[in-house]
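Here's the structure we're looking at; comments come further down.
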Protein chains: 2
Amino acid sequence: MYVVNVAEELIMRRTKEDAQKTYDAILDAAVAHFSQRGVANTSLEDIAESANVTRGAIYWHFKNKGEIFDSIHERFYQPLAALLLEDIETSHNDPLQQLHDICVKLLLDFTLDLKKRQAAALFMFGCHYSGDLEKYWDKHHKKKEDSLKIFSRYFEKAKKDGRLPASASPEILTLSIRCYMKGIISEYLNDVENFNLEKNAEPLIAQFFSNIK
Amino acid sequence: MYVVNVAEELIMRRTKEDAQKTYDAILDAAVAHFSQRGVANTSLEDIAESANVTRGAIYWHFKNKGEIFDSIHERFYQPLAALLLEDIETSHNDPLQQLHDICVKLLLDFTLDLKKRQAAALFMFGCHYSGDLEKYWDKHHKKKEDSLKIFSRYFEKAKKDGRLPASASPEILTLSIRCYMKGIISEYLNDVENFNLEKNAEPLIAQFFSNIK
DNA sequence: GACAACATACATTCGTGTATGTATAATTAA
DNA sequence: TTAATTATACATACACGAATGTATGTTGTC
């Protein structure tokens, strides 16, 4: 049982800041439960208990479980998309090295940040976009596609700079790195204890670039 | 709604072969529902309806939902593991080419076989090994690891034959192809309509091998 | 005193597991 | 060979708990 109580006390709280605290506590508790048991196997009572509130508090802040789920997505994807955008905007003389570095960085981030691990596990394995969650698929999928499109810009830059072998296709490379990253993160999250990502992140990514650099 | 009725008629049937038919119909209906909505969001009534039986029939053949889930796993992994074992046992003069071919074959198989797609989607995204399903994790995980260990044998062969560049490590390559395959299948199953696997399977795998062959 | 931020209580639905009923097939007895 | 018996392969009915959503109560804040 890795679920921890996020809120510290069970006192009555009515100020704006305190309301924000319970809001955050609910989201934190939700990510923890969702990632461990899946959205469908998590009851609002589970979340409430971990956040040291009652379901009443949850229904005050959120309409239902689906909106909690969606709120988590926003909180998780906003920084990720921003990070990627920021990286591609900063000029760098070797786009392939730059992509190499950001990929390693993204992977190592997971080893350092439990919250990110939980959120990623949630959206990769912990949810199914059917039933109540179906309506969020388009929105979430679109955000994911937008972020992933950024990958292609590194290869286009490299191509333009003549840094790609003639045999290499930017389209395939984009699809390839996308799948590769997805697979690494998947396999890591599926077995965090036995997959030594700290050690393997750089060699794995280096392996990918070894033929085009 | 892609769920189809698998059994044809609703008459009373009591022969051994007919019992086997309903058993199969239940499993088929279960895979379809599990892969589309997830195990947790699927009720036994859903399955029964698609299989043209009642929950009574399900409880006759299976103890509960978990055992249906486990039965599906057996039916799916047995042929897969057998295929991989058979391939590695057959002698081939170029192990890297052999691995390339089997990877492409595995991927293209998904484009041809709905059942395999459903089963893979089920075990990748449709289930969470917690609660009732937790007890199957060890067993399923072990079978997966056993199959994946086979990948390393191709690279060890290649290394022994001096077919690997000195810089390449068999361990990293094994981990790498494993993640890569997982990622390709993941991304494909996540968006079957837009991911053209028939077209991209071979280029993607070729891209992986381009630097070590 | 009004409203925000909850807690508590209640009604209802849904899924599960089990108990029981029943028609047919398989087996045995004659 | 056939009639009686038993076991199989389900369908039906019921009892129960769990989760949801809502209605209402309560407390502190501004």
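The basis for the numbers below is simple: all heavy atoms, side chains too, and nothing from hydrogens, waters or symmetry mates. Predicted model, so just to flag it, every value in this text is computed and none were measured. Sequence lines set the chain letters: A, B, ... in the order given, protein chains first and strands last, and positions in each chain run from 1.
Among the atoms of the strands shown, only primed sugar atoms or phosphate atoms (P, OP1, OP2) are found under 4.0 Å from some heavy atom of A:Ser43.
With distances taken from any side-chain atom of B:Ala57 to the nucleotides D:dA19, D:dA11, C:dC6, the minimum falls on D:dA11. Among D:dT20, C:dT8, C:dT16, the nucleotide with an atom closest to any side-chain atom of A:Thr54 is C:dT8. Candidate nucleotides D:dC10, D:dG21, C:dA7 were compared by shortest atom distance to the side chain of B:Thr22, and D:dC10 ranks first.
Taking atom CZ of residue B:Phe62 and atom C1' of nucleotide C:dG15, one finds them 19 Å apart after rounding to whole Å. B:Arg37 places its CZ atom 10 Å from the P atom of C:dG15, with the value rounded to the nearest Å. Taking atom CD1 of residue B:Ile47 and atom C1' of nucleotide C:dT16, one finds them 13 Å apart after rounding to whole Å. Distance, A:Ile58 CD1 to D:dT22 P: 15 Å, rounded to whole Å. Summarising the geometry, the separation between CD on A:Glu45 and C1' on C:dT8 is reported as 12 Å, rounded to the nearest angstrom. Rounded to a whole Å, the CH2 atom of B:Trp60 is 13 Å from the C1' atom of C:dT24. Across the protein-nucleic acid pair, A:Asp18 atom CG and C:dA5 atom P stand 10 Å apart, rounded to whole Å. The distance between atom OH of B:Tyr59 and atom C1' of C:dG21, rounded to the nearest whole Å, is 18 Å.
Between A:Glu134 and B:Arg37 there is no salt bridge, since no side-chain nitrogen of the basic residue lies less than 4.0 Å from a carboxylate oxygen of the acidic one. Of the charged side-chain nitrogens involved, none lies within less than 4.0 Å of a carboxylate oxygen, so that A:Glu49 and A:Arg55 do not count as a salt-bridged pair.
Look at B:Lys16 and you won't find any side-chain N or O under 4.0 angstrom from OP1 or OP2 of C:dA25. In this structure, B:Thr15 does not reach the C:dA26 phosphate: none of its side-chain N or O atoms is under 4.0 Å from OP1 or OP2. For the OP1/OP2 pair of D:dA9 and a distance below 4.0 Å, the side-chain nitrogens and oxygens of B:His61 include no atom meeting the criterion.
Put simply, the side chain of B:His141 does not reach to within 4.5 Å of the side chain of B:Asp138, judged on heavy atoms.
Residue A:Lys149 places its NZ atom among 12 or fewer non-hydrogen atoms of other residues, nucleotides or ligands, all under 6.0 Å distant.
Sequence order on DNA chain D of the closest nucleotides to A:Gly56 and A:Thr42 puts A:Thr42 first from the 5' end. Nearest-nucleotide positions on DNA chain C place A:Arg55 closer to the 5' end than the other of A:Arg55 and B:Lys65.
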Salt bridge (Lys or Arg N to Asp or Glu O under 4.0 Å), that's the test. Do A:Arg117 and A:Asp109 meet it? Break it down for me. CA-CA 9 Å; A:Arg117 261 195 322 255; A:Asp109 262 9; over 6 Å; no

